[in-house]
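Working notes, beginning with the structure itself.
What you are looking at is a predicted structure, and each value in this text was computed from that prediction instead of being measured. A, B, ... follow the sequence lines: proteins, then strands. Residue 1 opens every chain.
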Amino acid sequence: MKIPADRRRLSLVFAGNAVPRSLLFCPLRSQEVQFPMNLLSLIRQRFAPALQELVADAAPLLEMIRPAQDARFGDFQANFAMPLAKQLGQAPRDVARQVVERLNLTDLCEPPEIAGPGFINLRLRTDFLATQIQRIAGDDRLGYQPVAIPRHVVVDFSSPNVAKPMHVGHLRSTVIGDAICRTLRFVGHRVTSDNHIGDWGTQFGMIIYGYRHFRDQAAWQLSPVNELARLYKLVNQLSDYHATVAKLPALQQALTDAQSRLERLKNDPAASDKLAKQITTAGKEVTAANADLAAATASVQRIQQTPELLALANAHPDIARRARDETARLHAGDPENNALWNQFLPACLEALNQIYRRLGITFDLTLGESYYNPMLADVVSSLKARQLATLSEGATCVFLEGNAAPFIVQKTDGAYTYATTDLATIQYRQQALKADEVLYVVDKRQSEHFQQLFATTALWGIQGLKLQHVSFGTVMGTDNKPYKTRAGDTVGLESLLDEAINRARRIVDENDDRREVPLLSPEERARIAEIVGLGGIKYADLHHSRDSDYVFDWDKMLATTGDTATYMQYAYARVCGIFRKLQIDRLSFSTQNVAVQLQTPEERRLALQLLMFGYAIESVLNDYRPHLLTAWLFDTADAFSQFFDKCSVQNAESDELRNSRLILCDLMARAIRTGLSLLGIEVSDIL
RNA sequence: GCGCCCGUAGCUCAGUUGGAUAGAGCAACCGCCUUCUAAGCGGUAGGUCAGUGGUUCGAAUCCACUCGGGCGCACCA
């Protein structure tokens with residue numbers, strides 16, 4: 001397949017770099033012994049030789065060394081003695097003892113303890129922790145070394161449709177995808193973020209049709225994007241109206257059928273568990289059929305009760321087909337439709353970019369579906385040549401084992417589908433972009449599509465490219481239904497961001513007004529409200545495990561208490577407050593060589609937590625789960641809050657202790673700033 | 001009908017792929033500001049991990065079935 005040298009379609013290339021440069025290459029000051037900045041890997045390395053003496057493959061056993069799940073068990077625990085004992089035919093505690101005797105850990109840990117059935121509990125030496133903190137003092141990367149072998153990862157996320165308003169689902173993809181990009185870059189991989197926007201599909205036919213028939217010229221001149229959005233909604237509404245009217249008898253029939261089925265079952269004299277279950281099922285079917293009919297009737301009535309809409313609907317009875325025709329003509333190269341496309345697209349993209357700018361998100365590439373249009377015919381003929389694609393009911397399909405439905409690459413009318421585009425995109429990403437890996441940050445409801453896509457890709461002969469669907473769950477409202485406005489519309493993103501910032505502003509005002517002497521100017525308040533509001537939205541999304549559905553709840557998101565972005569931002573601001581109060585410059589202080597002492601449990605816990613940063617990062621990238629980073633951030637801020645409570649800096653018993661605590665404070669601030677930056681969340685020196 | 005996912009404290013969610021007495025946040029109750037930001041800290045209470053059976057040293061996690069819920073299944077993307 002040929003990749004067109006010229007980009008026939010408009011594509012935007014951003015040079016944006018998500019993580020501040022300063023965070024990327026910050027060499028450590030001391031270059032002596034380099035421990036990997038992942039304490040767990042270090043411990044595992046020390047266990048490896050001891051285990052290799054007892055067993056051929058130590059790797060799975062090393063996996064069983066974990067952070068302790070309870071502080072009483074120390075800092076780390078090894079759980080391998082029990083399975084290993086079985087393998088060796090010995091008692092677990094004996095096996096544990098043998099391993100412990102072979103260990104050389106004295107520079108890192110207190111003597112290991114064997115507990116319960118054979119757990120090995122490890123407690124790091126406090127002087128070791130102190131040395132490590134001293135070593136990474138002042139480092140924004142907390143000592144994290146870039147990977148030795150970088151991969152090139154293409155991250156496909158956000159991917160809105162132009163002209164259709166973006167909604168919370170796009171927000172979720174955008175926020176998760178951006179966090180993944182930033183984290184991958186941080187550890188040293190090469191990342192290409194690609195916004196695979198829907199700029200070539202059915203909705204464009206609708207806009208073109210709307211533009212030709214329903215355009216309000218004044219509105220168009222005032223704001224093309226708003227007018228296009230209105231036109232899309234209108235055409236969609238009218239198409240739906242006709243489709244729904246046509247569907248009403250069938251829905252009515254379905255209800256009647258379900259009802260009579262239920263009656264028949266209820267009158268069945270034979271009583272059995274199976275029958276009872278069938279009655280339950282039939283009852284649910286009646287309820288569902290009722291709901292379907294009611295929804296359809298309501299949507300029809302909405303049109304019929306609005307004379308202007310009804311008149312339009314009646315004047316355009318075959319609007320759906322004619323809109324599809326416009327799409328087909330666009331794809332066929334019709335000059336007028338292509339001219340309109342070229343006219344519409346920049347405004348649509350600009351509207352999207354406006355939102356990305358507010359969110360602080362950039363893309364390396366914005367290659368929409370249209371970009372791949374010239375490659376689609378070759379994809380299909382290549383699939384046919386390999387006899388993967390066959391004609392069925394007029395459509396060109398790839399039939400895959402285990403899938404009832406085929407993977408359609410060309411429709412009966414000759415049009416290509418997003419399956420075709422996705423295949424072309426994969427080929428392009430491997431051949432032109434030289435990607436090693438592609439991530440798709442897309443709603444989990446599309447998992448079957450990706451399963452088919454990846455299966456087809458493999459059959460097609462593309463090798464050496466790792467493909468992963470990074471799926472996420474639906475965003476629900478507090479009513480546990482997909483998040484919508486009361487009228488049933490999707491919630492526009494722009495208004496969502498406004499709402500978040502407005503709410504945050506109220507909190508910022510309230511807080512500052514409570515002070516004896518307010519600290520903040522209106523401009524500062526506005527800036528902080530933005531940081532807190534956007535941080536709240538992003539954090540709410542990211543701190544849920546990505547594949548669970550989550551409930552979008554303003555009050556929780558911007559709560560002034562608990563596990564929110566604000567908690568971390570607040571902890572950061574408190575560190576800045578300490579340095580302000582003592583009139584010490586944080587940046588210059590942190591480069592001084594200060595002896596770190598960890599005398600209290602709070603200081604020790606904070607230090608250990610900071611040193612677990614590398615482990616947290618690697619857990620995130622293991623399966624692209626940003627919520628593991630939010631958990632680490634919360635634990636870190638929590639450790640700091642306890643430290644702040646118990647360990648006064650300005651009233652420290654000695655200058656040495658004060659300086660040691662200042663080092664911890666500074667490092668903690670860097671940890672929070674870096675960690676939040678990987679999630680696309682900012683901090684402020686004052687809150 | 002076929003397939004995928006889920007069910008953990010009153011609510012919202014974690015639970016590092018089979019480890020020790022199942023954890024957070026919110027809400028509730030009790031306590032802590034003349035000292036670095038109380039957007040904070042400490043404490044109390046709250047659980048049949050939907051249910052039953054199985055696998056084994058050991059199960060919220062794996063298997064089977066049952067109950068309850070969600071989603072997807074031929075030309076929208």
Side-chain angles (χ1 to χ4, degrees), chain A residues 40 63-64 66-70 72-73 77 79 82-83 85-86 92 115-119 121 159 161 164 198 200-203 273 277 280 324 369 392-397 402-413 415 417-419 421-422 443-449 451 471 473-474 478 480 507-508 510-511 514-515 519 532 543-545 547-551 553 555-556 559-564 566-567 569-571 573-582 615-616 619 622-623 625 627-628 630-631 634-635 638 641-642 644-651 661 665 686-687:
Chain A
L40 186 57
E63 288 288 303
M64 300 179 77
R66 310 258 170 80
Q69 65 169 44
D70 191 307
R72 282 169 317 187
F73 303 143
Q77 63 181 63
N79 301 335
M82 288 76 82
K86 174 166 282 186
F119 296 104
N121 291 338
S159 310
N161 285 306
K164 279 193 206 174
W200 198 238
T202 315
Q203 91 276 20
D273 285 355
K277 194 182 168 184
T280 313
R324 274 200 304 276
E369 292 172 334
S392 167
E393 295 177 30
T396 308
C397 304
N403 287 90
F407 199 49
I408 297 178
V409 293
Q410 192 169 19
K411 299 190 285 185
T412 307
D413 64 3
T417 69
Y418 76 137
T421 313
D422 282 352
D443 193 314
K444 70 177 173 189
R445 283 172 294 193
Q446 298 205 34
S447 58
E448 268 161 302
H449 166 73
Q451 182 260 321
S471 60
T474 312
T478 35
N480 272 326
I507 295 166
V508 171
E510 209 176 287
N511 187 57
R514 251 200 323 261
R515 293 197 243 252
L519 291 173
V532 168
H543 99 278
H544 290 87
S545 160
D547 36 24
S548 62
D549 295 342
Y550 97 92
V551 174
D553 185 337
D555 295 332
K556 292 208 166 97
T560 56
T561 57
D563 186 2
T564 59
T566 313
Y567 184 73
Q569 290 166 328
Y570 180 65
R574 293 219 280 189
V575 170
C576 296
I578 292 173
F579 281 88
R580 261 198 310 276
K581 184 72 179 277
L582 299 180
Y615 176 71
S619 310
N622 192 33
D623 196 27
R625 299 195 172 274
H627 84 276
L628 297 174
T630 65
F634 180 70
D635 286 343
D638 191 43
S641 295
Q642 289 174 24
F644 183 87
D645 216 47
K646 290 273 166 53
C647 307
S648 175
V649 176
Q650 70 175 1
N651 296 331
R661 287 180 176 170
C665 285
I686 304 179
L687 231 53

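Between A/S641 and A/Y570, the side chains place no donor N or O within less than 3.5 Å of an acceptor N or O (distance only, hydrogens not considered).
Counting any heavy atom pair closer than 4.0 Å across all strands shown, A/Q642 reaches sugar-phosphate atoms only and no base atom. Here A/S548 lies in heavy-atom contact (under 4.0 Å) with sugar-phosphate atoms only. At a threshold of 4.0 angstrom between heavy atoms, the contacts of A/N121 include nucleobase atoms, whether or not backbone atoms are also involved. Heavy atoms of A/H449 sit nowhere under 4.0 angstrom from any nucleic acid atom. Nucleic acid contact class of A/Q569 (heavy atoms, under 4.0 Å, all strands): none. At the heavy-atom level, A/Q77 lies under 4.0 Å from base atoms of the strands shown. A/P92 comes within contact range of no nucleotide atom at all, as no heavy-atom separation falls under 4.0 Å. Residue A/C397 is classed as a base contact, given a heavy-atom separation below 4.0 Å to a base. Backbone-only contact: A/D638 has heavy atoms under 4.0 Å from sugar-phosphate atoms and none from a base.
Between A/H627 and the phosphate of B/G15, there is a side-chain N or O to OP1/OP2 separation shorter than 4.0 Å. The side chain of A/S641 places no N or O atom within less than 4.0 Å of a non-bridging phosphate oxygen (OP1 or OP2) of B/G40.
Using modelled atom types, one side-chain atom of A/D549 and one backbone atom of A/T474 make a donor-acceptor pair closer than 3.5 Å. A donor-acceptor pair is defined here as one N or O able to donate and one able to accept, closer than 3.5 Å; no such pair exists between the side chain of A/S619 and the backbone of A/L628. Side-chain atoms of A/R625 never come within 3.5 Å of backbone atoms of A/S545 as a donor-acceptor pair (strictly under, hydrogens ignored). Side-chain N or O atoms of A/Q451 include none that pairs as donor or acceptor with a backbone N or O of A/N403 at under 3.5 Å.
Atom CG of A/D553 is separated from atom C1' of B/C26 by 10 Å (rounded to the nearest Å). Straight-line distance from the CG atom of A/D70 to the C1' atom of B/A24: 14 Å, rounded to whole Å. A straight line from CZ of A/F634 to C1' of B/C41 spans 12 Å, rounded to a whole angstrom. Taking atom CE of A/M82 as the reference point, atom P of B/G58 lies 12 Å away to the nearest angstrom. Rounded to an integer number of Å, the gap from A/Q451 CD to B/G3 C1' is 10 Å. Rounded to a whole Å, the NE2 atom of A/H543 is 8 Å from the C1' atom of B/U12. The nearest whole Å value for the distance from the OH atom in A/Y550 to the C1' atom in B/C6 is 18 Å. One can place CE of A/M64 at 11 Å from C1' of B/U17, the figure rounded to the nearest angstrom.
Note that CD1 of A/I408 and CD of A/E393 are 8.5 Å apart. Values are rounded to the nearest 0.5 Å. Considering SG of A/C647 and CD of A/Q642, their distance stands at 10.0 Å, rounded to 0.5 Å. The CZ atom of A/R66 sits 14.5 Å away from the CZ atom of A/F73 when rounded to the nearest 0.5 Å. In this structure, CG in A/L687 is found 11.0 Å from CG in A/L519, a value given to the nearest 0.5 Å. With rounding to the nearest 0.5 Å, the separation of OG1 in A/T417 from CZ in A/F407 is 6.5 Å.
Under the ring-ring contact (aromatic ring centres under 6.0 Å, His included) criterion, A/Y418 pairs with A/H449, not counting sequence neighbours. Take A/D553 and apply the salt bridge (Lys or Arg N to Asp or Glu O under 4.0 Å) test, not counting sequence neighbours, and it matches A/K556. Residues that satisfy the side-chain hydrogen bond (donor to acceptor under 3.5 Å, both in side chains) test with A/N622, not counting sequence neighbours, are absent from this structure.
Nearest nucleotide to the side chain of A/I408, out of B/A74, B/U56, B/C11: B/A74. When the nucleotides B/U17, B/G25, B/C41 are ranked by their closest atom to the side chain of A/D623, B/U17 comes out on top.
Applying the 90° criterion around 0 to the glycosidic angle, B/C33 comes out syn. Nucleotide B/U17 carries a syn base; the chi torsion (O4'-C1'-N9-C4 or O4'-C1'-N1-C2) is within 90° of 0.
The nearest heavy atom of RNA chain B to A/Y418 and to A/R66 marks one nucleotide each, and the one closer to the 5' end goes with A/R66. Nearer the 5' end of RNA chain B, as judged by each residue's closest nucleotide, is the contact made by A/F119, out of A/A415 and A/F119.
Rounded to whole Å, the C1' atom of B/U35 lies 15 Å from the corresponding atom of B/G40. B/A27 and B/C73 have their P atoms separated by 40 Å, with the value rounded to a whole Å. The separation of B/U55 from B/C13, taken at their C1' atoms, amounts to 30 Å, rounded to a whole angstrom. Separating the P atom of B/G51 from that of B/G68 is a span of 15 Å, rounded to the nearest Å. For the P atoms, the distance from B/A14 to B/C41 is 22 Å, rounded to whole Å. Comparing B/C49 with B/U8, their P atoms sit 11 Å apart, to the nearest whole Å. The separation of B/A59 from B/G3, taken at their C1' atoms, amounts to 27 Å, rounded to a whole angstrom. Rounded to whole Å, the C1' atom of B/C11 lies 27 Å from the corresponding atom of B/C32.
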Scoring nucleotides 66-73 of chain B by protein non-hydrogen atoms under 4.0 Å (B base, S sugar-phosphate only, - none) yields -SSS-SSS
Which parts of nucleotides 27-39 of chain B does protein reach within less than 4.0 Å, heavy atoms only, written one letter per nucleotide 5' to 3' as B for base, S for sugar-phosphate only and - for none? --------BBBSB
Could you please spell out the steps behind the side chain to side chain contact (heavy atoms under 4.5 Å, CB included) verdict for A/D638 and A/Y567? CA-CA 9 Å; A/D638 191 43; A/Y567 184 73; 3.2 Å; yes
Take A/H627 and A/T630 through the side chain to side chain contact (heavy atoms under 4.5 Å, CB included) test and state the conclusion after the steps. CA-CA 5 Å; A/H627 84 276; A/T630 65; 4.1 Å; yes
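Side-chain N/O atoms of A/Y615 and base N/O atoms of B/U16 include a donor-acceptor pair closer than 3.5 Å.
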Return one dot-bracket line describing RNA chain B 5' to 3' (Watson-Crick or G-U wobble pairs, both distances under 3.5 Å; ( ) same strand, [ ] crossing, | another strand, . none). (((((((..((((.....[...)))).(((((.......))))).....(((((..]....))))))))))))....
